[in-house]
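These notes concern the structure reproduced below.
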Amino acid sequence: MYYRNYIAKKLDMESITPADIVLPPNSEMGDFALPCFKLAKVFRKSPVQIAEELKNSFVIDEVISEVSAVNGYLNFKVNKVGLANNVLTRIAREGDGYGSSDIGKGKTICIDYSSVNIAKPFHIGHLSTTVLGGSLYKIYKFLGYNVVGINHLGDYGTQFGKLICAYKKWGNREEVERGGIHAINALYVRFNEEADEKMESEAREYFRLIENGDKEANNLFEWFKKLTLDYVQIIYDKLNITFDSYAGERFYTDKMQPVIDELKEKNILKESEGASIVDLESYGMPPCLILRSDGATLYATRDLAAAIYRKNTYDFYKCLYVVAYQQNLHFKQVFKVLELMGKEWAKDMVHVAYGMVSLEDGAMSTRKGKVVWLEDVISRCVEKAYAVIDDKNPDLENKEEIAKTVGLGAVIFGALYNNKIKDIVFSYDKVLSFDGETSVYVQYTCARANSVLAKYGEKIELPEAYEPNPQEVEVIKALAALPQTVLDAAEKYEPSLIARYAVDLAQKYNKFYIDCRILTAEGEAKAFRLSLTEAVLQTLGNALSLLGIGVPEKM
RNA sequence: GCGCUGUUAGCUCAAUUGGAUAGAGCGUUGGUCUACGGAACCAAAGGCUGGGGAUUCGAGCUCCUCACGGCGCACCA
């Protein structure tokens, strides 16, 4: 942004703002450019002529070293010595904080993500919300926001009555202790396969018992809940995911009545076919169901209560829901109802929607056993990483640790590399591929950089007057782009921008690395290239850590 | 039927939000190889950006329309 501001200021014209300064397609043309087409109307001259005139009146200085006019574009080249110095000193000074900011100071962002269901194991479909939310959490923290990570547990509903019913009929304590969450899930699956009308009604009764505080039913439920949370915690630890609140659906049991009262009071609630709804027809949406005809609350009721509770508790600046696009309509309805209730903060609610995961032979189905468990994906990636390390670098210490960093990186990176809205067809071939645009490529680049620095082993001093060659400039420019990339990722709720940034920087460094000797270079070139290497290592590490991915020194 | 969303190289995806010659990875073909780590690098081939229209000096991006896929549309979450 610095250069854009500088150029715009220097041009000193009302109709030119820093946002008008663009980047040329390649750096031979220049480092920045001003398209003069819009100015053509203002000045009633051809863009070519305007560019030419601007070029002639522009005074070269110590920041901008060259100006040229090409086909209606005014192209600028910046002084590379200054550029390199600014970027490299800044990275050295800011270290792990390079790319961070304080724009979020004093603002709170709530992020609802992962939101596991009690008694259901993690499958590959839960990966997106978990790593997307986890990364947004880190990104906003990095930008100075106060962040509240919320795991909105799925801990309410008749399925828990079914589960208790199944457990009482077929289960026993040792089996569940031994089999953990998969044993619980098996009971639930069996219920859905075998239950008759009698069991269904028993299940409804058990659910009522939970609701009414029955001791036995609640003890069982709490036990299932604990087993689930212990189980997911292991996965969260591996994925570098943290939460500040586990207030789930049940937490809002006693917070829905006030919402219903408020809706009535504000005359928004309507009777329809025996149920209570908020009519959204004039907004082109189906009605939002608040109470079933039997008086029971619904999904939307709880989400309304949760939103209001979060606003009251955290006074958020924004409240994000990292949930698949399947629920687009649901969130549109809930947000609209909040607006109709007169909550001016309804505009701060954001549904961060992402694409669906399916398998190569179609949609996943727990009932049919067509499911890929996340823990299996993780262990296969780690095993593969171990095998490759063992093959290429058998004498390495901490091979297990490194394999974890590499394998888990691949799992996370694979889920974050593309635009979140794209659907994903899961395939083991893809997650287990460690070539090309992957976290492994980025980590490998870091390992190389580390290796160079370790061989040199002395303190590195950045030379002040070194004129970088074109390949070095490419790396410098890529390095400079991290702060803006982090801001963009936050603004668009899109961690993939950071993942792509990391690959881009790694590619540029690798190109430089192949063509330019570092340790055998002479004098200033050597010192500069070592500084560059240090900066790349630091910056790649910062980028990956925003995704929850670590960087091994060797691999 | 209505709404949301997607469609870019053989495959998986980018494209600085309307700018210059649409770029990467995988795959294919050919090359770099006694090294600062080959999990790398270079080169070639591969495109009417799903079709058609409109707006604009300029459209992969905006608008209209059609086609194909995904998701959703009242008592599940």
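If you're wondering where the values come from, they're calculated on a predicted model, not measured in any experiment. Proteins get letters first, then strands, A, B, ... in listed order; numbering begins at 1 in each.
- Taking side-chain N and O atoms only, A:Arg302 has a distance below 4.0 Å to OP1 or OP2 of B:rA77.
- Checked against A:Phe331 for a ring pair (Phe, Tyr, Trp, His ring centres under 6.0 Å), the options A:Tyr325, A:Tyr321, A:Tyr299 give a single hit: A:Tyr321.
- Nearest nucleotide to the side chain of A:Val70, out of B:rA77, B:rU17, B:rA20: B:rA20.
- Side-chain contact between A:Val406 and A:Pro552 is present, with at least one heavy-atom pair separated by less than 4.5 Å.
- The number of heavy-atom neighbours closer than 6.0 Å to NZ of A:Lys554, taken from other residues, nucleotides and ligands shown, is 12 or below.
- Under 4.0 angstrom from either OP1 or OP2 of B:rA14 there lies at least one side-chain N or O belonging to A:Lys422.
- Between B:rG10 and B:rU29, the two C1' atoms lie 14 Å apart (nearest whole Å).
- Note on A:Asn419: a side-chain N or O is less than 4.0 Å away from OP1 or OP2 of B:rA14.
- With P as the reference atom, B:rU62 and B:rA44 are 32 Å apart, rounded to whole Å.
- One can place CG of A:Asn192 at 12 Å from C1' of B:rC76, the figure rounded to the nearest angstrom.
- Nearest-nucleotide mapping onto RNA chain B: of A:Asp488 and A:Ile421, the residue sitting toward the 5' end is A:Ile421.
- Pairs engaging residues 469-493 of chain A under the ring pair (Phe, Tyr, Trp, His ring centres under 6.0 Å) rule: none recorded [sequence neighbours left out].
- A cation-pi contact, defined as under 6.0 Å to the ring centre and within 45° of the axis, links A:Arg380 to A:Tyr428.
- The aromatic rings of A:Tyr509 and A:Tyr513 sit tilted, their planes meeting at an angle between 30° and 60°.
- A sub-4.0 Å separation between OP1 or OP2 of B:rG72 and a side-chain N or O of A:Gln326 is present.
- Across B:rA77, B:rG25, B:rC71, the shortest atom-to-atom separation from the side chain of A:Gln507 is found for B:rG25.
- If you check the side chains of A:Thr297 and A:Arg302, you find a donor sitting under 3.5 Å from an acceptor.
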Exercise for the section: Treat a base pair as Watson-Crick or G-U wobble with both distances under 3.5 Å, then lay out RNA chain B in dot-bracket form, 5' to 3', with | for cross-strand pairs. Expected result: (((((((..((((.....[...)))).(((((.......))))).....(((((..]....))))))))))))....

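- By the stacking rule of 5.5 Å between ring centres and under 30° between planes, A:Phe37 stacks on the base of B:rG19.
- Taking 3.5 Å as the limit, the base of B:rU56 and the side chain of A:Lys38 contain no donor-acceptor pair of atoms between them.
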With the criterion being N/O to N/O and under 3.5 Å, what pairs connect the protein with nucleotides 34-37 of chain B, and how long is each?
from   : atom 1 : to       : atom 2 : distance (Å)
B:rC36 : OP1    : A:Arg517 : NH1    : 2.4
B:rC36 : O3'    : A:Lys455 : NZ     : 3.1
B:rC36 : O2     : A:Ile518 : N      : 3.3
B:rC36 : O2     : A:Leu519 : N      : 3.2
B:rC36 : N3     : A:Ile518 : N      : 3.2
B:rC36 : N4     : A:Tyr513 : O      : 2.5
B:rC36 : N4     : A:Cys516 : O      : 3.1
B:rC36 : N4     : A:Arg517 : NE     : 3.4
B:rC36 : N4     : A:Arg517 : NH2    : 3.0
B:rG37 : OP1    : A:Ser451 : OG     : 3.3
B:rG37 : OP1    : A:Tyr513 : OH     : 3.4
B:rG37 : OP2    : A:Ser451 : OG     : 2.8
B:rG37 : OP2    : A:Lys455 : NZ     : 2.6
B:rG37 : O2'    : A:Tyr444 : OH     : 2.3
B:rG37 : O2'    : A:Arg448 : NE     : 3.0
B:rG37 : N7     : A:Ser451 : OG     : 3.4
B:rG37 : O6     : A:Met555 : N      : 3.4
B:rG37 : N1     : A:Met555 : O      : 2.8
B:rG37 : N2     : A:Met555 : O      : 3.1

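- Protein atom CG of A:Asn328 is 16 Å distant from nucleotide atom C1' of B:rA77, rounded to whole Å.
- Shown are A:Leu497, A:Ile498, A:Leu487, A:Leu547; of these, the side chain to side chain contact (heavy atoms under 4.5 Å, CB included) with A:Ile139 is made only by A:Ile498.
- One finds a side-chain N or O of A:Tyr441 lying less than 4.0 angstrom from the OP1 or OP2 phosphate oxygen of B:rC41.
- In this model, no side-chain donor or acceptor of A:Ser496 finds a partner on the base of B:rA14 within 3.5 Å.
- In the displayed structure, A:Lys270 atom NZ is contacted under 6.0 Å by at most 12 heavy atoms of other residues, nucleotides or ligands.
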